[in-house]
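The shown structure was predicted, so the numbers you read here are calculated from the model rather than taken from an experiment. First listed ligand is number 1; within each ligand, the first listed atom is number 1.
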Amino acid sequence: MNSEIVLEACQLKKSYHKDRIEVPVLRGVNLQVQRGLITSLVGRSGSGKSTLMHLLAALDYPDDGQIHFAGERIDNASRSRRDAYRNQNLGIIFQFYHLLPELTAMENVLAPLMISQSVLHFFNHRKAAKRRAEEMLDRVGLLHRATHKPSEMSGGEMQRAAIARSLMANPSLLLADEPTGNLDTDTGQEILSLLNTFNQDDGLTILMITHDDAIAKNSDTCYRMQDGELNSETAKLQVA
Ligand code: ADP
Ligand code: MG
């Protein structure tokens, strides 16, 4: 098996401050994500999973500790380097879809490109961008909903749109924050098998965040967040 570590966190610490009181959330988190695998990160609501994901995505800074991607230190890199790291390597699915309500599924999938590129560049490449968006909507089974807005879609369809959007730029690593958290069991299973397909067919590395042990057990590797620390577990052995 290829055991290359693509993303690594070492002794990450993060506290929030409320009324001058320090609230420690991450107390020294260690994590290794292997290329090509599905790694899950399981923990109760409020245990710090989303906080950790934001640090790993370079959307926020740790108080202490280090993050490396493909051997490069990211946590203390320049803002532009952190942006480039995120844009070039990561797909991100946020906990509550984060779709723009005024835009159709197709426009939502295109939105990150429209924002990150100059108007001229986007205009010149719009046909290729639209083809890519159609391909992604097709792969997530949503091409027939391309002109629908989020309010006209089911939860599962919104999550499919969020997945298509996150994979537009062909990232190597997907960070998925509770991708099944708002869905019923059957719809959640469909989303999981869709993510599995991208892992199997495209070699997409996935870090899957969940509060559900049953979902975590289907991954290749599992970490459990507890008391601000992460403990490694063998996913396939865990849970009845
Ligand atoms: P999870 O994703 O596991 O549910 P979070 O990372 O969202 O947990 O939150 C961890 C803890 O940090 C919670 O107690 C939450 O209230 C607190 N927290 C999260 N974000 C902030 C913030 N921006 N300011 C203050 N406290 C926060
Ligand atoms: Mg969360």
Side-chain angles (χ1 to χ4, degrees), residues 7-33 38-67 69 74-76 79 82-83 85-86 90-100 150 155-156 158-163 165-166 171 173-185 187-189 191-192 194-195 205-219 221-233 235 238-239:
L7 180 66
E8 184 165 29
C10 188
Q11 284 300 314
L12 281 190
K13 295 184 182 157
K14 180 77 178 173
S15 296
Y16 292 113
H17 296 267
K18 190 159 174 57
D19 304 329
R20 293 229 204 105
I21 297 170
E22 182 174 335
V23 183
V25 177
L26 307 179
R27 301 168 184 261
V29 160
N30 297 303
L31 166 76
Q32 293 187 327
V33 177
I38 300 182
T39 298
S40 64
L41 202 163
V42 65
R44 299 170 47 166
S45 177
S47 61
K49 303 182 299 298
S50 294
T51 299
L52 176 58
M53 189 186 88
H54 285 88
L55 299 184
L56 296 174
L59 291 166
D60 196 3
Y61 291 90
D63 299 331
D64 199 6
Q66 301 185 358
I67 299 167
F69 180 86
I74 295 300
D75 58 279
N76 66 353
R79 179 181 292 257
R82 284 161 63 85
D83 289 345
Y85 150 68
R86 188 183 322 105
L90 302 187
I92 306 176
I93 304 176
F94 293 97
Q95 199 165 352
F96 299 104
Y97 317 127
H98 282 213
L99 297 173
L100 296 169
M158 287 193 271
Q159 192 58 286
R160 286 169 192 273
I163 292 170
R165 179 184 56 186
S166 73
L173 171 62
L174 178 69
L175 305 180
D177 195 357
E178 309 244 17
T180 65
N182 313 307
L183 306 173
D184 62 75
T185 310
T187 308
Q189 280 305 327
I191 293 297
L192 282 185
L194 181 61
L195 293 176
T205 306
I206 300 179
L207 180 62
M208 178 128 63
I209 293 172
T210 176
H211 63 263
D212 186 345
D213 283 2
I215 288 167
K217 80 164 193 235
N218 283 312
S219 58
T221 315
C222 176
Y223 285 87
R224 183 173 297 274
M225 181 80 85
Q226 223 156 17
D227 302 323
E229 292 179 13
L230 267 190
N231 298 302
S232 170
E233 296 183 3
Q238 172 217 336
V239 180

Review point. About how many Å separate CD1 of I92 and CG of L174, when rounded to the nearest 0.5 Å?
Key: 9.0 Å

Point to revise | Qualifying residue for side chain to side chain contact (heavy atoms under 4.5 Å, CB included) with L26, from L230, D64, T51 | key: T51

Check your understanding: For T51 and ligand 1, does the shortest N/O to N/O distance drop below 3.5 Å?
Key -> yes

Review point. In the protein, what heavy atom is nearest to atom 24 (N) of ligand 1, and what distance, to one decimal place, separates them?
Key: Y16 CD2, 3.5 Å

Review point. Would you say the side-chain atoms of E22 and S15 include a donor-acceptor pair closer than 3.5 Å?
Key: yes

**Study point:** Short N or O distance, V25 and ligand 1, threshold 3.5 Å exclusive
**Key:** no

Practice item. Look at atom 21 (C) of ligand 1 and say whether a protein heavy atom is found at less than 4.0 angstrom from it. Key: yes

Practice item. Around atom 8 (O) of ligand 1, find the nearest protein heavy atom and jot down its residue, atom name and distance. Key: G48 N, 3.2 Å

Check your understanding: Salt bridge or not for D75 and R82, using N-O below 4.0 Å?
Key -> no

Check your understanding: Heavy atom of R44 under 4.0 Å from ligand 1?
Key -> yes

Point to revise | Between Q226 and S47: side-chain donor-acceptor atoms closer than 3.5 Å | key: no

Review point. Would you say atom 16 (O) of ligand 1 has a protein heavy atom nearer than 4.0 Å?
Key: no

Check your understanding: Nearest protein heavy atom to atom 4 (O) of ligand 1, by residue and atom, and its distance?
Key -> G46 N, 2.7 Å

Review point. Nearest to atom 7 (O) of ligand 1, what protein heavy atom do you find, and at what distance?
Key: S50 CB, 3.8 Å

Check your understanding: Ion pair present between K14 and D60, side-chain N to carboxylate O less than 4.0 angstrom?
Key -> yes

Review point. Once you round to the nearest 0.5 Å, how far does CE of M158 lie from CD1 of I163?
Key: 13.0 Å

Review point. Does ligand 1 have an atom that lies less than 4.0 angstrom from a heavy atom of G43?
Key: no

Review point. Hey, is the Mg ion (ligand 2) within less than 2.8 Å of some N/O/S atom on Q95?
Key: yes

Point to revise | Distance, nearest 0.5 Å, that separates CD of Q11 from CZ of R27 | key: 13.0 Å

Review point. Checking only N/O/S atoms, does S50 have one that is under 2.8 Å from the Mg ion (ligand 2)?
Key: yes

